[in-house]
Amino acid sequence: MFRFVALVCAAGCAGLALFVPSSPAQSALPATDLEQTTRDWLAPLVDRRDFSGVIMIRRGEDQPVALTFGYADWVDGAPMTAEARFPTGSITKSLTAAMVRRLIDEGRLSADAPVSRYVPELTGYGAVRIGDIISHTAGLARDFPADALPDARSDSLVAWLGGQTAPGPGPHEYAYSNLGYGILAVVVERVMNARFETLIATEFLVPLGMNDSRLARSDAGQGRAVPTGYAAGPLPLDLRAPMPDSPGLGAAGLVAPMRDLLRLADAVRTRRIDLFEPDGSMTGSWSTLLVNGEPIYTIQGSVPGYSAGISILPTRDLTIVYGTNIESYSNWGLRDVLHALAQGRDAGSPNLRPATHGLTQSHLNAVGLYAGSPYGPVSVRSGDGGLDLILTQRNWRFHLTPTGEDALNWRLFNIDLEFERDEAGRVATISAAEHGLTGDPRHWRMERTDLPPLPPAEPADSEN
C-alpha cells in the first residue's frame with residue numbers, strides 16, 4: 001500500500017556520503033542515557049496511544065538493548081515484548097534488490113535488459129529495463145490500484161500488467177514504485193524457476209541467521225508473535241483495525257523481530273549485502289543521509305497498522321532498529337528524532353495531538369466533498385463510530401477524531417481541521433494545520449465542492 005512520506009533524503013539532510021567503515025570516532029550520549037532519553041521522549045505519545053512498539057539499540061558488538069512501549073494487543077492488554085515480529089513493509093526491498101543484483105553479478109540477469117526478455121507475456125514492456133526498476137527510474141506507477149489484483153499470485157500480477165500501457169524508454173525521473181519491485185520479484189521467479197519467498201529464505205534469511213523472520217505474500221499481520229496492528233479509531237479505545245493490506249510481492253512482506261533486523265543491518269553495513277552505488281548512494285529503498293555532518297544509512301517501511309526502520313550510524317558504531325503497531329503520525333518523524341537523540345542533539349518536544357471528544361451534529365455537518373488537499377481530492381463521510389476522511393483517488397479511508405466544536409484531527413499526520421461556515425451556516429471550507437511529530441505546522445485549506453449555491457439575497461425594500 002502506498003505511503004505518503006517518500007523514503008528519500010529530506011530537506012536539511014541532503015547529500016551523499018561515501019561508505020564509512022565503522023569506528024567509535026564521534027562522541028554521543030552514553031548508551032544508558034540514550035535509552036532513558038528515548039523512553040522519556042516517547043512516553044507522552046504512548047500515554048495518548050500514538051506510539052507502541054519496540055526500539056532496539058546496539059553499539060559495536062555489545063548486546064543490543066531492547067526498549068518496549070505500549071501493548072502487543074491494546075484490547076486484551078497483552079504487553080509488548082522484545083521478541084515481537086513486525087511487518088516491515090519496504091525494508092523487504094533490501095532483499096529484492098540484493099537478489100536481483102546477485103543474479104546480475106552471476107550473469108543470469110542483465111540490468112540493461114527489458115522486462116519482456118524474462119517475462120515474455122509482457123510484450124509491451126520492451127522498453128522497461130531491469131536496472132531502471134531497481135533505481136525507481138522506470139516511469140512505473142507507485143502502486144497497484146485498489147482491488148486491481150484478485151489475489152497475491154504472481155500470474156495475477158502479470159495478467160494485470162499485460163493489460164496496462166507500459167512507460168517508454170528510461171531512465172525517467174525518480175518515482176518511487178512498489179509496483180516495480182513486484183515486477184522484479186516475478187523476474188527473479190522466472191529466471192530461477194522457484195517461488196520468490198523460497199529464494200529469499202534460502203539465499204538471505206537463513207545465511208544471515210534471520211531464523212525468526214519470514215516473507216509473507218499477503219496477510220503479513222498474521223502469525224506467531226506478531227502484535228495486533230491498529231489505526232486511529234473512535235472512542236473508547238481511540239484505535240481500530242487498519243485498512244486491509246494489498247499484496248506486496250517484492251515490495252513488502254518481510255515479517256521480522258528486531259534482532260533479525262539488526263542482522264540485516266549488519267549485512268548491509270559490512271557489504272555482505274552490497275546496496276551501495278559508486279557515488280555513495282544506495283539502492284533497495286535505502287538512503288544515505290548526511291545529518292549534522294554525519295553519514296547515516298537508513299531505510300523505513302510501512303504497511304497498514306505497522307511500520308519499521310533501520311538506521312546505521314557508522315562513525316558511532318551504532319545501529320538502531322524499530323517496529324511499531326499503531327499507524328499514527330509518530331511513525332513518520334520517528335527516524336529523525338532517533339537520529340537527533342543518538343547524536344546528542346535536542347529533538348525538541350513531540351507535538352501531541354488534541355484530546356478526543358465526543359461526536360456531535362456539528363461535526364456531521366462537514367460530510368461532503370473537498371478540493372485543495374495536498375493529498376488530492378477528499379470526501380468526509382459518516383463511518384463506523386464517527387467520521388472518516390477518504391482519499392477519493394485511491395479509496396483509502398482514515399478516521400477523523402473529534403477534538404472540539406467544529407474541530408477534527410486527522411491523526412495519521414496530526415492535522416488539526418477547523419470548519420469555516422458560510423452565511424447559511426454550512427461547512428464551506430476546512431482549514432488545516434499539519435503538525436506532524438515535531439517542528440512548526442504547515443497550513444492549507446480545503447474548499448467544499450458539493451454545496452449548491454446560496455440563493456440570491458432578497459432585494460431590500462425601497463421607499464417611494
Please check if any side-chain donor atom of [X] sits under 3.5 Å from a side-chain acceptor atom of [Y], or the reverse.
X	Y	answer
Ser302	Ser307	no
Ser431	Glu418	no
Asn414	Asn351	no
Asp73	Tyr230	yes
Thr356	Asp238	yes

Practice problem: For side-chain contact (heavy atoms from CB on, under 4.5 Å), just list the numbers for Ile390 and Asn395, CA-CA rounded to whole Å, side-chain angles, deciding distance to a tenth of an Å, and then say yes or no. | Solution: CA-CA 6 Å; Ile390 293 90; Asn395 198 34; 3.8 Å; yes

How long is the gap from [atom1] on [X] to [atom2] on [Y], to the nearest 0.5 Å?
X	Y	atom1	atom2	value
Met56	Asp260	CE	CG	9.5 Å
Ile134	Arg101	CD1	CZ	7.0 Å
Thr137	Arg129	OG1	CZ	7.5 Å
Arg142	Leu140	CZ	CG	13.0 Å
Asp151	Arg153	CG	CZ	4.5 Å
Arg48	Leu352	CZ	CG	5.5 Å

Return the minimal non-hydrogen interatomic distance between [X] and [Y], and the atom names on each side.
X	Y	result
Val337	Ala347	CG1-CB, 4.2 Å
Ala141	Ser177	O-OG, 2.6 Å
Val158	Leu122	O-CD2, 3.7 Å
Leu437	Gly333	CD2-C, 3.5 Å
Arg39	Phe69	CA-CE2, 3.9 Å
Gln300	Asn331	OE1-O, 4.4 Å

Got a donor-acceptor contact below 3.5 angstrom from the [X] side chain to the [Y] backbone?
X	Y	result
Arg217	Ala152	yes
His136	Asp132	no
Thr392	Pro377	yes
Trp74	Thr228	no
Ser330	Asp50	yes
Thr88	Val255	no
Lys93	Ala251	yes
Glu327	Ala231	no
Thr92	Leu254	yes
Arg335	Gly309	no

Please tell me if the side chains of [X] and [Y] come closer than 4.5 Å, counting only heavy atoms from C-beta onward.
X	Y	result
Phe196	Ser154	no
Ile430	Tyr370	yes
Met80	Val54	yes
Arg224	Arg214	no
Ser362	Asp406	yes
Phe204	Leu264	no
Ile415	His435	no
Ser373	Trp444	yes

Taking NZ, NE, NH1 and NH2 as the nitrogens, is one of them in [X] or [Y] under 4.0 Å from a carboxylate oxygen of the other?
X	Y	value
Asp416	Arg353	no
Arg240	Asp384	no
Glu121	Arg190	yes

Self-check item: Crowding at OH, Tyr71 (>12 non-hydrogen neighbours, <6.0 Å)
Solution: no

Quiz item: In this structure, are over 12 heavy atoms from other groups packed under 6.0 Å from Glu434 atom CD?
Solution: yes

Self-check item: Plane angle bin for Tyr306 and Phe86 - parallel if under 30°, tilted between 30 and 60°, otherwise perpendicular
Solution: perpendicular

Exercise. For the pair Tyr375 and Phe413, name the ring-plane relationship: parallel under 30°, tilted 30 to 60°, perpendicular over 60°.
Key: parallel

Quiz prompt | Option passing side chain to side chain contact (heavy atoms under 4.5 Å, CB included) with Ile55 (candidates Thr68, Thr324, Leu338) | solution = Leu338

Practice problem: Using the side chain to side chain contact (heavy atoms under 4.5 Å, CB included) rule, pick out the option among Leu391, Asp388, Leu387, Val378 that qualifies with Phe398. | Solution: Leu391

Exercise. Any chance you could lay out the side-chain hydrogen bond (donor to acceptor under 3.5 Å, both in side chains) test for Ser90 and Tyr181, step after step, and finish with the verdict?
Key: CA-CA 10 Å; Ser90 288; Tyr181 270 67; over 6 Å; no

Self-check item: Test log, rule side-chain contact (heavy atoms from CB on, under 4.5 Å), inputs Ile310 and Ile91
Solution: CA-CA 8 Å; Ile310 302 172; Ile91 293 177; 4.2 Å; yes

Quiz prompt | Criterion side-chain contact (heavy atoms from CB on, under 4.5 Å) on Arg85 and Asp212, from CA distance to verdict | solution = CA-CA 8 Å; Arg85 304 175 184 181; Asp212 292 320; 3.5 Å; yes

Practice problem: Determine, step by step, whether Ile299 and Ser94 satisfy the side-chain contact (heavy atoms from CB on, under 4.5 Å) criterion, reporting the C-alpha distance in whole Å, the side-chain angles of both residues, the deciding distance to 0.1 Å, and the verdict. | Solution: CA-CA 9 Å; Ile299 186 172; Ser94 308; 3.5 Å; yes

Self-check item: is_close_aromatic(Tyr297, Trp286), centroid dist under 6.0 Å
Solution: no

